Each structure stands twice: as C-alpha cells, then as structure tokens.
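Predicted model, so just to flag it, every value in this text is computed and none were measured. Proteins come first, then strands; the chains are lettered A, B, ... in the order of their sequence lines, and each starts at number 1.
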Amino acid sequence: MASVSSQQQFRYTQPPSKVLHLRNLPWECIEEELIELGKPFGKVVNTKCNVGANRNQAFIEFADLNQAIAMISYYASSSEPAQVRGKTVYLQYSNRQEIVNNKTTADVAGNVLLVTIEGADARLVSIDVLHLVFSAFGFVHKITTFEKTAGFQALVQFSDTETASSAKNALDGRSIPRYLLPEHVGPCNLRITYSAHTDLSVKFQSHRSRDYTNPYLPVAPSAIDGSGQLTVGLDGKKLEPESNVLLASIENMQYAVTLDALHMVFSAFGPVQKIAMFDKNGGVQALIQYPDVQTAVVAKEALEGHCIYDGGFCKLHISYSRHTDLSIRVNNDRSRDYTIPNNPVVNPQPSVLGNQSVSVMGPTVQYNRTPFTPTPEHPVMPQPSAGWGHGVPPMPQSMPMQMHNNPYMPPGTMPFQVSPGMMQSSIQSGIPQSSMLPRYGSGQMQ
DNA sequence: AGCACA
C-alpha cells in the first residue's frame with residue numbers, strides 16, 4: 001500500500017521530511033559521521049548508512065521536521081557544501097517520512113563474519129589466503145566457504161565479537177592484497193557482514209572448510225585429491241602441482257644434515273612416512289613423503305627458505321615432487337621407510353637424536369624435548385607440534401597471539417614474507433607476525 | 001550523483 005508515485009521519485013524538490021537522503025558519501029561512511037553532520041541542526045534520532053548498490057548513500061532522521069528543514073536550508077545557501085571526510089555530500093528530503101531500520105542479522109555484531117568475495121576470479125581465492133588475511137586480527141577458529149547466488153562466500157569464525165568487528169571494520173570493502181593472489185587472478189573485493197552463526201560446524205579439513213582449533217579433524221578425501229583446485233602459496237605465488245611428497249634441497253650445508261634431523265624437522269607438521277636423501281648438483285637433496293597433500297603443503301609453507309640451524313646454515317628450499325609414493329628399497333642412513341616399524345636398518349648410524357622410535361602414525365608428539373641450544377645435533381627450528389596445519393597454534397588457544405589492533409600497514413612494511421628469524425614464532429603461533437601482515441589495498445575511495 | 005526492505 002501507499003507506494004510512492006514514480007513521478008515523485010525523481011523530482012528535484014521533494015516535499016519536506018524529517019528524513020534526509022544523502023548521497024555521494026565517502027566509502028563506508030559510519031553512523032557517527034552522519035550524526036556529526038546533522039548535529040548542528042537538531043537531534044538526529046536515527047540513521048541508516050551504506051545504502052544503495054555502492055553503499056555510499058544514507059539517511060538521517062531528525063527528531064523534528066524543522067531541524068531537517070534547517071539543515072537543507074543551510075546548505076542550500078551555504079558556499080561550503082556539506083562534507084564528510086572532505087567529500088561533498090548531497091542532501092535532499094527523503095521521499096519517506098521515517099527511517100525503517102530493518103536490523104537484519106547482518107547488522108547485529110557477532111563473532112562470525114559472512115564474507116563475500118567479489119570479483120571475476122573470486123572463487124580462485126583459496127581458503128588459505130582467507131585464513132591469512134583474517135588471522136591478522138586474531139585467532140581464526142574456523143572457516144567455511146560456499147557458493148551462493150551472492151557469489152563466493154565464506155564464514156569466518158573468531159573468538160569474540162570484538163575481534164570479528166575489528167576485522168570487519170578494517171577489511172569490509174577492501175581488496176585482497178595483490179601479492180597474496182596469483183598473478184592471473186583479478187582484483188577480489190571483500191564485503192563483510194555479520195553472520196547469525198556463533199559456532200560453525202566443520203566436519204573435515206578440506207579445501208572448502210577448516211577448523212583451526214582441531215588438529216585431529218580428519219582430512220576430507222576431496223582435499224587430498226586436490227580436485228583441481230587452484231591453490232596459492234603464502235607468498236601468493238602460484239604453486240606447482242601440490243604433492244604429498246616434498247623435494248627439499250639444502251643450501252649452505254655447513255653441518256651434515258642427517259636423515260634423523262630431517263625427520264625431526266618435517267615431523268613437526270605431521271607423520272613422515274618416508275625419506276630419501278641423495279646428492280645432486282653438488283648438494284644434498286631429500287624427498288620427504290607425507291600421507292597427504294595437506295600436511296605437505298603446510299610443511300612446505302612453513303619451512304621454505306628457512307634454516308635448520310641458526311646462523312643461516314642448512315637453508316631449506318622446498319618444492320613439490322612429482323612422486324606420490326617413494327620406493328624405499330633399503331633402510332639406511334640416507335633413506336628410510338617409517339611406515340614399516342621393524343624394517344631392518346642396514347648399516348645403522350648412531351642417531352644424533354637418540355633412540356627415537358620410528359613408529360609414526362598420527363600426529364602424536366614424538367620429540368617432546370626440553371628447550372635446547374641449537375646445534376647440529378639439535379636443529380633449532382621446528383618445534384614438534386601436533387598441529388595439523390599452520391593455522392593451529394600449539395600454544396593455548398585461549399590466548400591467541402595478540403596482534404596489534406590496527407591492521408593497516410605502516411608505510412614501508414614489506415609484503416608478506418617470512419624471514420628466517422621469524423620462523424620459530426611463526427610455526428609456534430600459526431599466526432602471521434605483525435611485520436608479515438598483508439597490506440590492504442583500499443577499495444574505491446572516491 | 002537520485003531513495004532502503006539482503
């Protein structure tokens with residue numbers, strides 16, 4: 001009933017209303033700014049911002065019609081236009097007499113965000129990139145992704161509303177940093193609202209959903225097979241086809257790297273099934289086999305470019321092997337099949353790590369050592385963890401690493417990059433360090 | 001730069 005006549009819709013002079021319609025507002029204008037704008041003329045009793053397709057329109061409602069008239073009259077004759085953040089805004093009477101605030105769930109703050117990834121290549125954004133982006137604001141508990149008519153969407157669960165709000169405020173309307181995306185992927189904007197969810201249900205770790213609080217959650221077969229999904233490394237570069245087998249080459253090998261040392265390093269991310277070491281190009285390389293691609297991905301991302309020992313010694317370079325199952329003919333000091341518990345070891349070497357069991361199944365902690373001084377006998381890097389993924393902090397999750405609250409990068413902050421010195425804390429926390437935080441390109445600001 | 005209800 002009472003539909004507004006279409007002739008009245010675009011008349012230049014609307015009949016007065018205590019509701020004013022504002023347009024040409026700056027990006028993501030906030031209710032407080034609207035109140036500030038109207039305050040000199042009267043009492044603003046209601047507002048509605050982020051209206052319209054571009055979300056750059058708004059309404060403000062005064063307590064009294066005369067106050068609205070005062071504001072319109074003032075700016076009608078003022079030499080200075082109404083401005084918000086220095087941007088001229090256009091005012092007119094609304095064709096409605098009151099603001100109807102349909103507070104939807106999207107407006108009610110909660111700890112779960114509904115994220116819509118906009119852009120032609122939105123579905124090429126991997127869940128890992130999303131995790132990285134949102135981890136800048138606090139510990140991300142879970143992420144689920146799905147496709148709806150609205151496009152490619154994700155639900156991102158934080159511990160609390162405050163953390164979720166800080167992420168929403170900083171990221172809504174912004175674009176995912178270019179360097180986090182493969183080169184051929186176009187711009188991807190984030191639209192963020194609150195979800196009514198409080199706790200997401202994640203059954204499997206997969207390319208569609210992750211639970212970073214539960215290292216023991218089974219990995220979905222679909223994730224293991226990759227299903228042709230395009231994935232992106234933490235550095236944003238396109239990866240060669242993922243594999244459960246990693247090829248590690250060791251640079252600057254001042255210390256002999258033993259099979260056991262490699263086993264310890266790589267076991268931090270999951271059960272190592274097989275290792276084969278060999279010489280190539282005057283250096284040492286090794287193939288490390290995990291039971292699944294996921295674990296290998298995590299290990300690669302965490303270890304690439306880092307040194308086994310302090311001082312830049314034994315720097316690892318890791319790529320995916322084309323192998324999927326190594327053939328270990330004999331267990332010796334250069335190759336081993338850890339899936340065969342009692343395989344005789346030929347010419348056994350004294351293990352520098354002591355008498356480790358070779359039973360490896362499941363992410364049980366195998367090297368629960370007290371802190372050690374890094375030496376060739378005790379690689380400095382990977383603290384063994386039962387963590388499934390890089391997003392799983394072995395530390396108490398009730399105390400997620402405190403990131404600085406402002407996600408915007410200070411000038412000069414480098415793009416996401418793991419320097420060797422960060423390695424330890426990166427792995428332990430599972431959360432990017434502040435200096436690794438991505439910088440967010442602003443959405444359209446004008 | 002021209003009116004919301006998702």
Under 4.0 Å between a side-chain N or O of A:Arg23 and OP1 or OP2 of B:dC3? no
Relative to the ring of A:Phe266, is the ring of A:Tyr290 parallel (under 30°), tilted (30 to 60°) or perpendicular (over 60°)?
tilted
Query raised in the report: Is the A:Tyr74-A:Phe41 ring centre distance short of 6.0 angstrom?
Result: yes
Taken to the nearest whole Å, CD1/A:Ile72 to C1'/B:dC3 is 13 Å
Open item on the list: Categorize A:Glu61 for me: base, sugar-phosphate, or nothing, with a 4.0 angstrom heavy-atom threshold over every strand shown.
Closed with: nothing
When A:His21 and A:Arg55 are each assigned the nearest nucleotide of DNA chain B, the 5'-most assignment goes to A:His21
Taking B:dA4, B:dC3, B:dA1 as options, the one with an atom nearest any side-chain atom of A:Val51 is B:dA4
Atom CD1 of A:Ile99 and atom C1' of B:dC5 are separated, to the nearest Å, by 13 Å
note: A:Asn54, atom CG; B:dA1, atom P; distance rounded to Å ~ 9 Å
Closest of B:dA1, B:dC3, B:dA4 to the A:Val100 side chain is B:dA4
note: A:Asn101, atom CG; B:dA4, atom P; distance rounded to Å ~ 14 Å
Here the side chain to side chain donor-acceptor pair (under 3.5 Å) pairs for residues 108-122 of chain A, sequence neighbours left out, are A:Thr116-A:Gln153
Atom CZ of A:Arg96 and atom P of B:dA4 are separated, to the nearest Å, by 6 Å
A:Phe59 atom CZ is separated from B:dC5 atom C1', nearest whole Å, by 11 Å
A:Leu20 atom CG is separated from B:dA1 atom P, nearest whole Å, by 20 Å
Atom CG of A:Asn24 and atom P of B:dC3 are separated, to the nearest Å, by 13 Å
**Study point:** A:Glu251/A:His317 under side-chain hydrogen bond (donor to acceptor under 3.5 Å, both in side chains): CA gap, chis, key distance, verdict
**Key:** CA-CA 8 Å; A:Glu251 174 193 317; A:His317 289 290; 2.7 Å; yes
